[in-house]
Amino acid sequence: MLSSALKPEDRDNPTFKQNKDAWVERIADFRGSLEIVRQGGGKKAVERQHSRGRLTARERIARLIDPESEFQEILGYAGWHMYEEWGGAPGGGVVTGLGKIAGRDWMIIANDATVKAGAFFPITAKKVIRAQTIALENHVPTVYLVDSAGVFLPLQDEVFPDQDDFGRIFYLNARMSGLGIPQISAIMGNCVAGGAYLPLMTDALIMTEGSGLYLAGPALVKAAIGQEVSSEELGGARMHAEVSGTVDFYEPSDEAALERIRALAALYSAPELAPWARERIAPLEPAYEPEDLYGLVSPDGSRPYDVREVIARLVDGSEFHEFKSGYGETIVCGYARLGGFPVGIVANQRTVIKKPAPPGGAGGKIEVGGVIYAEAADKAARFILEVNQRFIPLLFLMDVTGFMVGKESEQNGIIRRGAKLVNAVSNSVVPKITLITGGSFGAGNYAMAGKAYAPRFLYAWPSAKYAVMGGAQAAKTLLEIEVSKLEREGKTPTDQDLKELYERIKGRYEETLDPRYAAARLWVDEVIFPHETRERLIRSLETCALNPVREQMSVGVFQV
């Protein structure tokens with residue numbers, strides 16, 4: 001079992017208290033911003049939805065999932081502080097997440113008609129695609145609660161044509177269906193234009209009275225072919241149920257439609273689990289309190305910490321079998337169980353490491369925590385290969401400032417050995433889950449399974465910082481560029497000008513370091529709080545377990 005250096009009296013020391021107080025303030029800020037997001041289009045928009053006899057997206061989800069179960073929202077910050085010139089798009093105008101229906105996990109994708117009538121902004125399409133991708137990769141059955149006016153026309157050029165735009169949604173519909181992943185859709189409002197294909201590509205289609213399903217609405221039909229027709233005649237629920245035969249189940253209300261979904265969801269056969277999930281045993285709680293994380297880890301990343309203290313508060317029984325513990329120490333690797341599941345863990349170490357001189361050698365050396373040195377890259381690459389040999393999931397705990405630079409590091413082959421690690425991460429075929437606890441800088445993001453490396457789930461604590469380099473370093477570089485530009489224009493800035501310019505540049509840059517900025521653009525799936533981390537990771541492993549396919553790993557040209 002991992003031993004913790006934290007003693008009871010340490011909880012009273014100033015550093016521990018300062019960390020905890022700073023976390024309280026930061027979490028309050030994040031909770032406040034989440035509450036704003038979850039209000040969708042606001043009170044008047046909610047009242048308008050209710051006046052039509054319809055529930056809101058969140059009300060629908062609450063009635064759909066099993067009583068007493070919890071909806072695990074993902075991608076909640078999508079669109080945060082984006083499209084403000086158009087009035088904003090809270091949550092991207094769609095609610096997505098995992099919920100239990102008839103005792104089984106389902107991905108739920110629900111248009112939020114309180115946000116621009118559920119219209120698709122660019123981020124809306126990307127959010128739906130990300131939710132579908134999670135469902136596809138993990139073989140998660142999916143429910144679509146459709147209530148959308150279609151593409152947001154002022155931004156149609158950013159929604160419609162590209163590979164990861166609107167059309168990708170229907171591609172993923174078809175791919176999921178081809179793999180036998182259950183999909184059920186319910187039209188509970190508008191479903192128009194290209195969006196009309198989505199529900200038609202699912203296993204079962206439900207439609208409520210008063211909803212509309214058509215490629216072109218009455219106004220467009222009149223403009224295009226001069227035909228006058230009512231919404232009900234053109235694409236009403238009863239017409240599609242009795243005339244076109246498009247709808248499988250006609251329901252009088254939202255409530256009835258949700259009951260129908262629950263009944264249909266219960267009729268699917270049980271899924272086959274991944275081999276590693278069949279080795280699940282009864283979970284044990286960690287030996288140490290998860291709330292200690294708030295005192296051990298500073299939210300601004302200013303203080304070193306031993307990542308083993310974090311691992312000890314996440315894994316079952318705080319049991320951790322560390323791999324090559326005395327070698328390449330700025331990355332910690334090892335095996336544990338999480339929620340009873342076997343996992344491999346790759347974590348950035350944030351302590352300062354003092355290496356003694358080797359036997360017969362001269363002088364020791366110091367390694368800076370959070371930096372990937374050549375030996376650490378070697379170790380992590382080797383460990384990832386072994387985890388794939390065992391075919392168990394990989395958990396990355398990312399708090400990285402990048403790879404080591406300088407003469408000695410280059411002579412040690414840092415580029416070659418770093419490429420080996422990136423290759424191993426890229427070609428790994430086991431489920432990867434990434435948690436960003438602090439820094440996510442530069443190529444370190446790649447080595448630790450950032451978004452480009454297809455983790456099944458990617459989470460961040462409110463302490464995460466996501467960028468090519470830190471704010472201070474970036475501001476100095478950008479300041480030099482600005483000063484050179486001014487000098488070319490014949491202007492000589494004063495010291496006061498330089499100070500003000502530096503602060504302005506640094507402020508702008510640091511706005512982009514906020515994990516909500518990353519989450520708004522779907523670079524992370526969700527911002528989660530430290531004390532909730534263990535349960536979130538376990539739920540994610542339960543979701544990954546639904547895909548039983550074991551692929552063959554091949555690394556191609558592998559640096560040695």
Side-chain angles (χ1 to χ4, degrees), residues 20-46 49 55-62 64-65 69-84 87-99 107-116 118 121 123-124 126-128 130-131 134 145 290-291 293-294 297 299-300 435-438 440 457-466 510-537 539-540:
K20 206 164 185 178
D21 290 345
W23 271 111
V24 168
E25 185 176 337
R26 184 162 300 198
I27 287 176
D29 178 35
F30 275 73
R31 287 194 193 280
S33 59
L34 268 178
E35 185 57 36
I36 292 170
V37 167
R38 289 171 181 169
Q39 289 172 8
K43 186 178 178 181
K44 287 185 178 179
V46 170
Q49 183 79 347
L55 301 171
T56 66
R58 293 185 183 279
E59 289 168 343
R60 287 166 176 165
I61 292 169
L64 177 61
I65 63 176
S69 69
E70 184 180 349
F71 179 60
Q72 181 182 296
E73 188 167 355
I74 56 172
L75 312 169
Y77 275 113
W80 185 77
H81 285 189
M82 296 171 67
Y83 313 115
E84 291 184 345
V94 63
V95 182
T96 55
L98 294 160
M107 177 67 74
I108 301 171
I109 300 173
N111 297 116
D112 186 351
T114 71
V115 179
K116 301 293 189 296
F121 284 75
I123 201 66
T124 316
K126 287 175 170 54
K127 179 170 176 175
V128 173
R130 175 56 182 158
I134 290 171
L145 303 181
E291 284 76 13
L293 293 170
Y294 292 115
V297 181
D300 62 3
L435 170 67
I436 305 173
T437 61
S440 180
F457 292 95
L458 175 55
Y459 300 118
W461 282 357
S463 50
K465 293 181 177 65
Y466 216 109
E510 288 187 343
E511 281 181 20
T512 69
L513 298 182
D514 190 308
R516 285 170 290 200
Y517 185 93
R521 290 153 182 79
L522 311 187
W523 303 341
V524 300
D525 294 327
E526 196 61 62
V527 179
I528 63 175
F529 301 142
H531 70 281
E532 301 170 342
T533 301
R534 174 176 159 84
E535 289 309 311
R536 177 70 73 142
L537 294 176
R539 281 291 305 276
S540 300

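Not measured: the values here are computed from a predicted model.
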- [ ] Let me see the working for Ile108 and Ile65 under side-chain contact (heavy atoms from CB on, under 4.5 Å), right down to the final yes or no.
- [x] CA-CA 9 Å; Ile108 301 171; Ile65 63 176; 3.6 Å; yes
Open item on the list: If I take atom OG from residue Ser463 and atom CZ from residue Phe529, how far apart are they, to the nearest 0.5 angstrom?
Closed with: 11.0 Å
Open item on the list: Are more than 12 heavy atoms, taken from residues, nucleotides or ligands other than Glu84, located less than 6.0 Å from that residue's CD atom?
Closed with: yes
Task: Spacing of CG belonging to Asp112 relative to OG1 belonging to Thr96, to within rounding of 0.5 Å - done: 11.5 Å
Task: Verdict with supporting geometry, Gln49 and Leu55, side-chain contact (heavy atoms from CB on, under 4.5 Å) - done: CA-CA 7 Å; Gln49 183 79 347; Leu55 301 171; over 6 Å; no
Open item on the list: Quick check against the 3.5 Å criterion: does Lys127 have a side-chain atom that pairs as donor or acceptor with the backbone of Leu75?
Closed with: yes
Task: Distance, nearest 0.5 Å, that separates CG of Leu98 from CD1 of Ile134 - done: 7.0 Å
Open item on the list: Less than 4.0 angstrom from a charged side-chain N to a carboxylate O is my criterion; do Arg58 and Glu73 meet it?
Closed with: yes
Open item on the list: Measuring only between side-chain heavy atoms, which start at C-beta, is Tyr77 closer than 4.5 Å to Ser33?
Closed with: yes
- [ ] Check whether any side-chain heavy atom of Thr114 sits under 4.5 Å from a side-chain heavy atom of Lys43, and report yes or no.
- [x] no
- [ ] First locate atom CG of Leu293, then atom CH2 of Trp23, and finally report the distance between them rounded to the nearest 0.5 Å.
- [x] 8.5 Å
Task: NZ/NE/NH1/NH2 to OD/OE distance under 4.0 Å, Asp29 and Arg516 - done: yes
Task: Pairwise side-chain contact, Trp523 with Tyr517, heavy-atom cut-off 4.5 Å (strictly under) - done: yes
TODO: Establish, for the pair Arg26 and Phe30, whether the NZ or CZ atom is under 6.0 angstrom from the six-membered ring centre and no further than 45 degrees off its axis.
DONE: no
Task: Side-chain heavy-atom pair Glu526, Gln72 within 4.5 angstrom cut-off - done: no
Open item on the list: Any non-hydrogen side-chain atom of Thr533 less than 4.5 Å from a side-chain atom of Thr437?
Closed with: no
Task: Considering all heavy atoms, the nearest Val115-Gly41 contact - done: CG2-N, 3.6 Å
Task: Taking every non-hydrogen atom, the tightest pair across Pro515 and Pro462 - done: CG-O, 3.6 Å
Task: CG on Asn111 to OG1 on Thr124, rounded to 0.5 Å - done: 8.5 Å
Open item on the list: Counting only heavy atoms not in Glu70 (residues, nucleotides, ligands), do more than 12 fall under 6.0 Å from its CD?
Closed with: no
Open item on the list: Walk me through whether Ile436 and Tyr466 qualify under side-chain contact (heavy atoms from CB on, under 4.5 Å).
Closed with: CA-CA 9 Å; Ile436 305 173; Tyr466 216 109; 3.2 Å; yes
Open item on the list: Quick check: do Trp80 and Arg521 have side-chain heavy atoms less than 4.5 Å from each other?
Closed with: no
- [ ] Return the orientation label for the Tyr459 and Phe457 ring planes: parallel under 30°, perpendicular over 60°, tilted otherwise.
- [x] parallel
Task: Parallel, tilted or perpendicular: ring planes of Phe121 versus Tyr83, cut at 30 and 60 degrees - done: tilted
Task: Taking every non-hydrogen atom, the tightest pair across Ala110 and Ile61 - done: CB-CD1, 4.0 Å
Open item on the list: To check you understand the geometry: which heavy-atom pair defines the closest contact between Val95 and Ala57, and what is its length?
Closed with: CG2-CB, 4.1 Å
Task: Ile109 vs Leu145, side-chain contact (heavy atoms from CB on, under 4.5 Å): CA-CA, chis, key distance, verdict - done: CA-CA 6 Å; Ile109 300 173; Leu145 303 181; over 6 Å; no
Task: Minimal non-hydrogen separation, Ala460 against Val524, with atom names - done: CB-CG1, 4.2 Å
TODO: Could you grab the distance from atom CG of Leu64 to atom OG of Ser69, nearest 0.5 Å is fine?
DONE: 9.0 Å
TODO: Indicate the ring-plane relationship of Tyr294 and His531, choosing parallel, tilted or perpendicular according to the 30° and 60° boundaries.
DONE: tilted
